[in-house]
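Below is one structure, written out as structure tokens; comments come after it.
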Amino acid sequence: MENIAPAISPPPAFGRNKAPNQAVLDWVHEVGSLTKPENIFWCDGSEAEKNYLLGEARRPGVLIALNQKTYPGCYLHRSNPNDVARVEQFTLICTPTKEEAGPTNHWAEPGETYRKLHDMLKGAMRGRTMFVIPYIMGPPDSPLAKIGYEITDSIYVVLSMRIMTRMGAIASERLGENRDAEFNRGVHSLLDVDPQRRWICHFPQDNTIISVGSGYGGNVLLSKKCLALRIASYLARKQGWLAEHMLILGVESPEGKKHYVAAAFPSACGKTNFAMLIPPPHFAGWKVTTVGDDIAWMEIRQDGRLYAVNPENGYFGVVPGTSYKSNANAMRSIEHDTLFTNVALTPNGDPWWEGKDGDPPNEAIDWRGEPWTPAAKEKAAHPNSRFATPMHNNPVLDPEVENPAGVPISAIIFGGRRSNTMPLVFQAKDWQHGVYVGATMASETTAAATGAVGQVRRDPMAMLPFCGYNIGDYFQHWLETGKRLTNPPLIFHVNWFRKDGDGRFLWPGFGDNLRVLKWIIERSEGKAGAAETPIGAIPRPEDLDLAGLEAVSPEMLRQLLAVNPEEWVKELEGQKLFLESLGPKVPGELRAEYDELARRLSR
Ligand code: GTP
Ligand code: SPV
Ligand code: MN
């Protein structure tokens, strides 16, 4: 457990290559003077550096090497048991006014917050090594690419950032020597991993992030949710593009027609799995390829279409439930060169988790480091245990993933985890209605964030915890983007999680989601049929390709596709209350969409 982060032995030659940019040097000097580390290590991203850091990480017990025969290049990290997920209540947007952060964010005044953080960081790295990590988000030549520097006292963060971003010399070279060149400043310190002193603070106006007191995932891999969503969404609005919590996938039919689709599902609601989908046996000749599994940066190009790039270089995915049956592509990806967090360890040194193929081991060490047997009540792997794996491990990585121009998006899909109400799929009437559907979507909460699990909450565009500014302005930005799109993607909503009266999933999900995806792309080509309903167009059973799908009876299909008036009375009320709770910044167009929906439902 990385409660303490001892200094490494004096950095070898490659740990001393400073950045050529004076603005970076000045800032690193400033943070060093404040935090007082034992030594400063400049990361270059080389293999030699990786091997050196892996060696160092084993000494203080930061990482455990897994069985190198069965899991070559794989390691296990156990985070502090008080530190296993994002902490939304301690995640702050520090804009000059509270209104800029808006009704859905926790706000704090920037000046005072900087002062508090500086107090906490004073001498915080004494006896530790301060790592300086240069990184690029996005294909380096993309007009959307962004450079960041993360300073951290955690080797685990360095090794994770190496996987998750384009890290090292490439980034400092790209930044160059110009003192005014733009880069994100990220500072992270574990402090003493005390939940009482855990703050994830964003200063969008300064392109700055400061994170203290955590060593876990989205709290500390500052490239990810902090930069690529919260700060990037703020920049995107100013600059006229979109930064979204979306996977990006390619889907190719047997005739060779290819589409790209972006989909926003809240945390732990199926993005990674959908992005790596394996077609069911009946779908011979169909191919699904992954551009990204969590974040999409999108902009309009000259042809009036929306193009997307994945800013990341790796996947930080949910482990439990991953198996050859549910996602063989993910399994193949994580069998080598992968950093696991909070999974269980078998006696032969393999990682284990609930839902892995085969029988549970007779004994194991659980995610906390305690002995475990299948008779135990507690889970062996934490429900939010994760893998960090390079995207180039993915057997179905899309060939366009490094294309600086991105890929053209034919359809946008919103989706949530809903036991009831929401049909398997429906299509919004147009862009504006689609924005309403995204703005009012809801999902049951998951283990990806601390707090209660399984409660339905509104999570607009799956961005509730990630929008770096006022959500009303964000909706407006979406509406304005639509007006600039002469060739807009169609917008859909899906729900893989509807349940029957006995609480069982009605839809098998995973690979079978291609049946829904096929309908979606056929709609984009103006082909497949549908029934018009008050909430949008829904496929009739005959509009879906259900060949070979024995698991779903006609009655189950009826339930999956149903729009039940009693459920929708409640849903409509929930949507109304939510929009009202957001205050006056909600665009009039969305209030009009609500009125229209209410009118259609009451007919
Ligand atoms: P984040 O990384 O937190 O953003 O999550 P994500 O949206 O990428 O979710 P992921 O694909 O990792 O799936 C989360 C959980 O949902 C896992 O336990 C999966 O097994 C489960 N899941 C994913 N797809 C489906 C599906 O189609 N049906 C069902 N029933 N479960 C699914
Ligand atoms: C999410 O919670 O949406 C994640 C995991 O992708 S984390 O990086 O911890 O935010
Ligand atoms: Mn996510």
Side-chain angles (χ1 to χ4, degrees), residues 79 83-88 91 157 160-161 164 200 211 214-230 244-249 263-278 280 290 292-296 312 314-323 325-327 329-331 334 341-342 353-356 379 381-389 413 415-419 424-425 443-450 453 459 462-466 494-499 503-517 551 560:
S79 73
D83 185 31
V84 294
R86 283 184 294 101
V87 283
E88 295 180 359
T91 298
V157 168
S160 302
M161 290 290 284
M164 297 304 298
I200 323 300
S211 163
S214 171
Y216 190 82
N219 297 332
V220 299
L221 309 178
L222 301 185
S223 58
K224 195 173 177 59
K225 296 311 184 359
C226 301
L227 171 55
L229 288 178
R230 297 193 191 95
E244 299 299 330
H245 190 200
M246 289 181 178
L247 68 95
I248 310 160
L249 63 77
F265 311 154
S267 300
C269 291
K271 288 183 299 302
T272 302
N273 278 279
F274 195 41
M276 298 174 99
L277 178 159
I278 296 178
T290 318
D293 84 320
D294 198 50
I295 299 179
E312 301 191 279
Y315 310 138
F316 187 63
V318 176
V319 177
T322 308
S323 65
K325 189 163 166 286
S326 65
N327 189 347
N329 289 325
M331 287 301 283
I334 65 181
T341 303
N342 294 341
W353 54 84
E354 280 72 17
K356 196 181 184 186
K379 293 207 153 51
H382 188 276
N384 193 35
S385 54
R386 296 264 167 175
F387 55 77
T389 198
I413 307 175
R417 188 182 278 270
R418 297 290 299 271
S419 317
L424 180 62
V425 58
S443 194
E444 289 155 21
T445 50
T446 65
T450 55
V453 166
D459 187 347
M463 284 287 277
L464 183 73
F466 308 121
V494 300
N495 177 21
W496 313 141
F497 301 94
R498 201 167 189 174
K499 288 181 178 167
R504 281 177 305 225
F505 288 125
L506 285 160
W507 182 249
F510 301 99
D512 286 305
N513 294 337
L514 181 56
R515 301 172 189 278
V516 174
L517 183 58
L560 277 163

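No hydrogens, no waters, no symmetry mates; every other heavy atom, side chains included, goes into these values. All ligand and atom numbering here is 1-based and tracks the order in the structure.
For ligand 1, the protein residues within 4.0 angstrom (heavy atoms only) are H245, P266, S267, A268, C269, G270, K271, T272, N273, D294, F316, V318, P320, R386, R417, W496, F497, F505, G509, F510, N513. Sorted by chain and number, the heavy-atom contacts of ligand 2 below 4.0 Å come from R86, G217, G218, K224, K225, H245, S267, D294, F316, R386, A448, F466.
For the Mn ion (ligand 3), the count of nearby protein N/O/S atoms, taking only those under 2.8 Å, is 3.
Here K224 pairs with D294, E312 under the salt bridge (charged side-chain N to carboxylate O under 4.0 Å, His left out) rule; sequence neighbours left out.
R386 places no side-chain N or O within 3.5 Å of a backbone atom of T341 that could act as its donor or acceptor partner. Distance alone, capped at 3.5 Å, places no donor-acceptor pair between the D459 side chain and the S443 backbone. Listed for the S211 side chain is no donor-acceptor partner under 3.5 Å among the backbone atoms of V220. With T450 contributing its side chain and V87 its backbone, the two residues share no donor-acceptor pair below 3.5 Å. Side chain of R417 to main chain of A268: a donor-acceptor pair is present (N/O by atom type, distance under 3.5 Å, no hydrogens or angles).
At a cut-off of 3.5 Å, with distance as the only test, a side-chain donor of D293 or T272 sits close to an acceptor on the other residue. N327 and T322 share no donor-acceptor pair across their side chains, judged by distance under 3.5 Å alone. A side-chain N or O of R86 and one of S267 form a donor-acceptor pair less than 3.5 Å apart.
Considering all non-hydrogen atoms of both residues, W353 and G321 come closest at CD1-N, 4.1 Å. Closest heavy-atom contact between N513 and G509: OD1-CA, 3.2 Å.
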| message | As a quick check of understanding, evaluate side-chain contact (heavy atoms from CB on, under 4.5 Å) for L247 and F265, giving each step before the final call. | response | CA-CA 8 Å; L247 68 95; F265 311 154; 4.3 Å; yes

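Counting only heavy atoms from C-beta outward, the side chains of V516 and I413 never approach each other to under 4.5 Å.
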